[in-house]
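All values derive from a computational prediction rather than experimental measurement.
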Amino acid sequence: MKELIDKLAQTHSLSQNEWEQVISADFELDGLFQRAGEARKSVYGSKVFARGLIEISSYCKNDCYYCGIRRSNHNAQRYRLTKEEILMCCAQGYALGFRTFVLQGGENPYHTKERICDIVSSMKKSYPDCAVTLSLGERDEETYRAWHEAGADRYLLRHETADELHYEKIHPKSMRYQNRMNCLEILHRIGYQTGCGFMVESPYQTAHCLAKDMQFITAFQPEMVGIGPFIPHRDTKYKNQRQGSLKQTLKMIALTRLALPHALIPATTALGTIDPRGRELGLCAGANVVMPNLSPEQVRGKYALYDHKLCTGKEAAEGISHLAQSIRSVGYHLVCDRGDYIA
């Protein structure tokens, strides 16, 4: 595998067949992690960027087969933050030092173009030195453009899988693979710093599927890539599916870092959920972003995309000093500036 890892580090791309070889091979990962660490340090040094995550709503009109807040899950606890509550979260986060806020929520009609424009413009007026990231699902170009003009800097939209047949197996027929991909193209064209991403070892996923993911991201060149293990939720059809492994998820993070040395890659909450040191190991594998939770404490447990999701301790914004200490323990340091993409 060393020859293929060397090639990836030098050219930042592999063929479909070469990707499949690397992804499916069982080999010692220390050398890969070292190369990934060198790649991220060459661009971002030892900085780990903190974003304040605000989960604004658990209502969703979609019925993705793997998701705990899917429309047909009648056991899901639904909530929706008001504009005032969102701005209060921002005020608390700003006082803690955060300079990027991420508004994430289920895709639902309540969050109209006008409502989000109003919230984003208010955030920018109050905190002009901060970046605003949105993660609110698939919308039309007019809406995406209006939100960008209101002040949104970044947009996260995980593609979940770049294999269309795989996409159809884990989503209902009402959701179209091509629409998801078109949305990502629109976001890039408008000028957002755009994030895509995928789950690792989700139902029906193969090395061929993951290789397609890597082919897609190297062609698309996103500014951000979110990679996390699949974790089942008790109220979905995949409740008995085996969760994604830590090792394979860390491998995919490291391969992504070598393919995209400039990307902003989070060490996700899902990593910390499957392993107590998952977030720190993600940083060692090439990730350089963390997103502590700024949502009101009373709703954090309700945004349950998967079982046992962490929302306290190092995952909570108020635990940022503990998080910073943990990050220092693996040789990096936490910074709370905007943390923009470096081209």
Side-chain angles (χ1 to χ4, degrees), residues 16 19-20 22-26 60 62-73 76 104 106-107 135 137-138 156-181 183-184 195-217 220 222 224-256 259 265-275 278-279 281-282 285 287 303-310:
Q16 174 75 20
W19 277 122
E20 289 187 41
V22 173
I23 290 165
S24 60
D26 186 12
C60 190
N62 293 329
D63 216 17
C64 304
Y65 297 151
Y66 51 83
C67 183
I69 64 169
R70 61 193 302 240
R71 184 186 69 235
S72 63
N73 180 11
Q104 178 176 299
E107 192 175 319
S135 183
E138 298 177 3
L156 305 175
L157 182 65
R158 282 196 180 191
H159 65 281
E160 301 300 1
T161 174
D163 184 299
E164 187 168 3
L165 293 178
H166 182 216
Y167 187 93
E168 291 173 352
K169 288 180 179 179
I170 60 177
H171 294 91
K173 291 183 179 179
S174 58
M175 298 184 70
R176 300 291 184 182
Y177 168 83
Q178 197 54 55
N179 190 57
R180 180 65 56 97
M181 292 303 188
C183 284
L184 285 166
C196 60
F198 53 91
M199 295 180 289
V200 177
E201 297 187 328
S202 60
Y204 305 107
Q205 188 182 73
T206 63
H208 180 76
C209 298
L210 283 170
K212 282 194 166 185
D213 286 315
M214 299 309 294
Q215 291 278 62
F216 167 67
I217 65 171
F220 183 60
M224 302 169 284
V225 185
I227 302 167
F230 165 77
I231 304 177
H233 189 283
R234 62 188 176 278
D235 293 319
T236 69
K237 67 186 293 184
Y238 297 130
K239 62 183 178 181
N240 296 320
Q241 180 82 12
R242 181 175 59 88
Q243 74 178 21
S245 72
L246 177 67
K247 181 178 180 180
Q248 188 70 355
T249 305
L250 295 175
K251 180 199 272 191
M252 297 311 302
I253 290 173
L255 293 173
T256 299
I265 302 174
T268 62
T269 298
L271 270 176
T273 298
I274 67 169
D275 188 281
R279 173 174 271 171
L281 293 171
Y303 196 78
L305 306 182
Y306 48 82
D307 282 346
H308 312 301
K309 176 175 171 251
L310 297 181

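- Not a single donor-acceptor pair under 3.5 Å links the side chain of Asp235 to the backbone N or O of Gly68.
- For the pair Cys60/Arg70, no side-chain contact is recorded, criterion being any heavy-atom separation below 4.5 Å from C-beta on.
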Pair Lys169-Asp163, salt bridge (Lys or Arg N to Asp or Glu O under 4.0 Å): steps then yes or no: CA-CA 10 Å; Lys169 288 180 179 179; Asp163 184 299; over 6 Å; no

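- Annotation: side chain of Pro229 is not in contact with side chain of Gln243 (no heavy-atom distance under 4.5 Å).
- The minimum heavy-atom distance between Ala162 and Tyr177, with the atom names listed, is O-OH, 3.0 Å.
- Looking only at side-chain heavy atoms (C-beta outward), Cys196 and Phe216 come within less than 4.5 Å of each other.
- Counting only N and O atoms by type, the side chains of His166 and Glu160 include no donor and acceptor under 3.5 Å apart.
- Panel note: side chain Gln248, backbone Val200; no donor-acceptor pair is recorded below 3.5 Å.
- The 12-atom threshold is not exceeded at NZ of Lys239, counting heavy atoms of other residues, nucleotides or ligands nearer than 6.0 Å.
- A 4.5 Å side-chain heavy-atom check between Leu271 and Ile253 finds at least one atom pair inside the cut-off.
- Between the CG atom in Leu255 and the CH2 atom in Trp19 there is a gap of 5.5 Å [rounded to 0.5 Å].
- Taken from CZ in Arg279 to CG in Leu281, the straight-line distance is 12.5 Å, to the nearest 0.5 Å.
- Within the model, atoms CZ of Phe230 and OG1 of Thr249 stand 12.0 Å from one another, a figure rounded to the nearest 0.5 Å.
- Distance alone, capped at 3.5 Å, is enough to place a donor-acceptor pair between the Glu201 side chain and the Ser245 backbone.
- The main-chain N or O of Ile23 is found under 3.5 Å from a side-chain atom of Lys251 such that the two form a donor-acceptor pair.
- Residues Gln241 and Tyr204 fail the side-chain proximity criterion, which asks for heavy atoms closer than 4.5 Å.
- Between the side chain of Arg242 and the main chain of Pro232, no donor-acceptor pair closer than 3.5 Å is present.
- Atom CD of Glu138 and atom CG of Leu184 lie 8.5 Å apart (nearest 0.5 Å).
- In this structure, the side-chain contact (heavy atoms from CB on, under 4.5 Å) partners of Arg71, at least two apart in sequence or on a different chain, are Asp63.
- Looking only at distances, a side-chain donor or acceptor of Tyr306 sits under 3.5 Å from a matching main-chain atom of Ala270.
- Here Glu164 pairs with nothing under the side-chain hydrogen bond (donor to acceptor under 3.5 Å, both in side chains) rule; sequence neighbours left out.
- Here the CG atom belonging to Asn62 is positioned 6.5 Å from the OG atom belonging to Ser174, to the nearest 0.5 angstrom.
- Heavy atoms only, all atoms of each residue included: Tyr167 and Arg176 are closest at CE2-C, 3.7 Å.
- For Ala207 against Glu20, the heavy-atom pair with the smallest separation is O-CG, 3.9 Å.
- Here the side chains of Ile69 and Leu305 are in contact, with some heavy-atom distance below 4.5 Å.
- Between Thr236 and Cys67, the shortest heavy-atom distance links the atoms CG2-O, 3.5 Å.
- The side-chain heavy atoms of Ile217 and His159, taken from C-beta on, include a pair separated by under 4.5 Å.
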Residues Tyr238, His233; criterion ring pair (Phe, Tyr, Trp, His ring centres under 6.0 Å); working and verdict: CA-CA 7 Å; Tyr238 297 130; His233 189 283; over 10 Å; no

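- Counting heavy atoms from C-beta on, the side chains of Cys64 and Met175 come closer than 4.5 Å.
- To the nearest 0.5 angstrom, Thr161 atom OG1 is 6.0 Å from Ile170 atom CD1.
- Judged purely by atom type and a 3.5 angstrom limit, Gln205 uses its side chain to pair as donor or acceptor with the backbone of Met199.
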